[in-house]
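In what follows, chains are A, B, ... by sequence order, proteins preceding strands, each numbered from 1.
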Amino acid sequence: MSIPVKAENLSKWYGQVAGILNVDLQITGGVVGLLGPNGAGKTTFMRLLTGQLRPSAGEVSLFGAPVWNNLAVMARIGYSPEHDGTWDELTGREFVRLCCRMSGMNAQQGDKAADEAIAKVTMEQAADRRIRTYSKGMRQRIKLAQAVAHDPDLIILDEPLTGCDPVVRAHIMELVRELGRQGKTILVSSHILHEVEAVTHQIVLLYKGQVLATGDIHGLRDLIDEHPHRIEIACREPRTLAVAMTAQESVRSVTVGEQSLTLETDKPDACYTELMQTVVDQSLQVDAITSPDDNLEAVFRYLTNRSATGV
Amino acid sequence: MDRPIPGAWNATLHAARLGFIRASRGKVLYGSMILLALPYIGIAIASATGTTLDHEAQVAMMRAWTDTLLSLVAVLVAYGGVAEEVSRGSAVYFWTRPQPRWALPMGKFLASSLLVIPAALLLIVVGSALVGSPVPAGKLALAITLSALVHIALALAAGALYPRHAVVTALVAMAILDLAIYAIPGAAQTISPVFHLRNLAGLLPPAGALNKILPRPNVSATTSVIVLLGQTILFLLVAAIRVTKWEYRPRT
C-alpha cells in the first residue's frame, strides 16, 4: 500500500524567506500532530500537501502520486484550512453539501453525507444559518464537517481547535481520535502542545521550516522536563514565599520582585507540587501562577540551542 | 481505492452554482442593475416633465449605455469571480477537490453571464418599450450580449492575474481597450471591443477629422462577432492558464 504522505528534500521559498527547508518526512498512517510555534512552516507544509503551493525544490506525494493538479489524489483528501475565509453567503448546510458535490458525490449522496457530517460536529441547530453569522468556533466546526463529509482517506486539519470553547474543543478532539480509530490518516497542526497530546502521541516537530524531531510525544515531554523552567508567582508576600521555596530541593534559584516571585527549576512537576504545598501550609495568598517557558516557542529555542552547542 | 471525480463540466456547473448563489445574495448585482437602469430612469423623468430627446441624443445615450455602463456593470459583477475566492482564501475549498482548477473561472463566467445578460436584455426591452430605441432591437441585443461576454471575461482574467488589485486592473484594462485603443484612428481601432460593439449595433459615430488621414476600416457584422467572441475566449484562456499553471502565494 502506498504511503499516505511523503516529502523528500522538500523546500518552499517565498523570495528570500524559506517557508519549508529540506524536509524529509513520511507519514504512514494514524493521527499525527504537526507541532511548531507560529511561523514554523506548518501551514506552508499543509498547503504543499494539499496542492495549493508547488514545491520550490524536492517532492511531495500523497499515496505515491504527486499532488499538484492531480484529481485522483484530491479525491482522497479532506482539508480544513487555518483561515476563516469561506463562502459566507451560503448556509452551513449548503456549504457542506456543495463541498460533497465537488468531491464527486451525486445530489442524494452529498445531501446525506453533509447532514451526517454536520451532525458529527454538532452543528445541526445552526446549519441553516448563513456562515456570515457564525462565531469562530462554529466556523471551525463547519470547516471540519466539509473536510470529513466525503469520507477521505487523508484528513489535513490546520489549527482546528483555534477559537473553540472547551466543550467544542473536547468534542473535536474526540472526533479526531474516532476518525483515527477508523483507520484514517490524519494530520493535525497546532502550536499548543497539550492540544496535540490530547489526540495523538505521534508528532512531527517543525521549527523555522525544518523538521526538528519526529516520533513519540513522550520524548518531547522528557525534553521539556529537562528544560530549565521559570515559574512566575504573583502574590502579596513574595519574601515569605521566597524563603520557604529556597529550601525546596527542586528550586534552582529565586528572584523576588515587589509583588511577585520568579522560581527557576529543573523539575517543574516537583516544583509545582512543592509550591502548592508551601502555599497551603503557610496560608499565603497567590493571585496568579504563570510559566513563560511553558510554550513551544521556548522549548524549541531550548532544543535548537542545545543541538547548536552540542549539549 | 477509486473515488468518484466529478468531471470538467460538472465542476464548471458547481462553480457556476456557487457564483450564482453568492452574487444573488450579495449587493454588487443589485447595485449594478440600478446603475444600468439609471439612464432610462433619467429619460422617464425627463419625459414626465415634458422634455423629449431628439434622435442624436438618443443614439448618444444608447452608445454610452452599451459600451460604457454595461461594460462597467459586467466588470463589477465579474471581477471578484476568481479574485475574491483567492484573496479571501475560499478558493481552497474548490481547488482541494477533484476538480480542474480552470473550472472555477469558467463556472464564474457562466454565472456572471447568466446574471448580467438577461437582466441587461430585460432592461433594454422594457426601456425601449417605454422611451423608444434609436437602433433595431435585434442588433442591439446581439451587441449587448457580446459586450457583456467580453467584459466579464476581461474582468475574470484581471482578477485571476492580480487578485489583490482585481477591480483596478480590470478598469485599467477596460480603459486601455475601450478608450485608448478606440481613440486611435485607422486599423488599430479594430482591436478595441467598443469599435465592434458600436459596429454591430449601428452606433458608430460619424468619422472624425483624423479618419480623413487614417480612414476607419469597413468591418462586417460577422467579423465583429468573430473578433468579440475571440477576445472573450482569449481572456478566458488567460484566466484558465493563470489558475492552472501557477500557484497563488499567501500573504506573508
Side-chain angles (χ1 to χ4, degrees), chain A residues 12-15 17 19 39 43-44 46-55 63 67-91 94-96 98-106 109 130-132 143 146-147 150-153 156 158, chain B residues 1-30 80-81 83-104 107-108 111 163 240-241 243-252:
Chain A
K12 180 66 193 176
W13 292 84
Y14 301 114
V17 181
T43 297
T44 297
M46 289 188 155
R47 284 178 171 157
L48 286 160
L49 289 186
T50 51
Q52 298 173 67
L53 295 175
R54 302 180 90 161
F63 305 102
V67 181
W68 179 264
N69 272 346
N70 189 334
L71 305 191
V73 165
M74 292 299 164
R76 298 182 69 178
I77 66 171
Y79 173 57
S80 171
E82 181 189 19
H83 62 73
D84 283 336
T86 55
W87 296 316
D88 286 1
E89 299 84 356
L90 273 62
T91 66
E94 285 172 337
F95 174 57
V96 182
L98 183 59
C99 287
C100 287
R101 297 294 303 276
M102 292 193 299
S103 292
M105 293 177 168
N106 63 33
Q109 291 169 332
R130 292 208 186 159
I131 297 174
R132 170 178 293 150
K143 287 193 297 180
Q146 64 78 33
H150 56 294
D151 192 30
D153 298 321
I156 298 169
D158 197 354
Chain B
M1 181 180 163
D2 283 338
R3 285 178 174 272
I5 292 174
W9 176 241
N10 279 337
T12 305
L13 287 182
H14 294 320
R17 188 176 157 214
L18 173 67
F20 207 86
I21 295 173
R22 288 190 67 183
S24 62
R25 291 179 187 174
K27 292 180 186 129
V28 174
L29 180 71
Y30 302 107
E84 271 187 16
E85 301 288 354
V86 171
S87 55
R88 281 163 49 157
S90 48
V92 70
Y93 297 106
F94 197 89
W95 287 334
T96 56
R97 305 276 161 189
Q99 311 189 103
R101 290 168 71 94
W102 54 258
L104 181 63
K108 292 302 185 91
I241 290 169
V243 301
T244 306
K245 295 289 180 193
W246 293 280
E247 67 191 16
Y248 285 98
R249 287 190 174 186
R251 270 183 229 241
T252 51

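- With a threshold of 4.5 angstrom between heavy atoms, Tyr248(B) approaches chain A through N, CA, C or O but not through any side-chain atom.
- Proximity to chain A (any heavy atom under 4.5 Å) is shown, for Ser24(B), by neither the backbone nor the side chain.
- The side-chain contact (heavy atoms from CB on, under 4.5 Å) check on Trp68(A) picks up Arg54(A), Arg101(B), Glu247(B), with sequence neighbours excluded.
- For the set Thr50(A), Asn69(A), Val17(A), the entry with the most heavy-atom pairs within less than 4.5 Å of chain B is Asn69(A).
- For the residue pair Pro152(A) and Ile77(A), the shortest heavy atom distance occurs at CB-C, 3.5 Å.
- Scanning for side-chain contact (heavy atoms from CB on, under 4.5 Å) contacts around Arg88(B) gives Asp88(A), Glu89(A), Arg22(B), Glu84(B), Ser90(B), with sequence neighbours left out.
- Going from atom NE2 of His150(A) over to atom CZ of Arg97(B) covers 5.0 Å, rounded to the nearest 0.5 Å.
- Interface residue Gln146(A): backbone and side-chain heavy atoms are both found under 4.5 Å from chain B.
- Here the CG-CD1 distance, from Leu90(A) to Ile21(B), works out to 5.0 Å after rounding to the nearest 0.5 Å.
- Ranked by non-hydrogen atom pairs under 4.5 Å with chain A, the options Leu18(B), Asn10(B), Val92(B) are led by Leu18(B).
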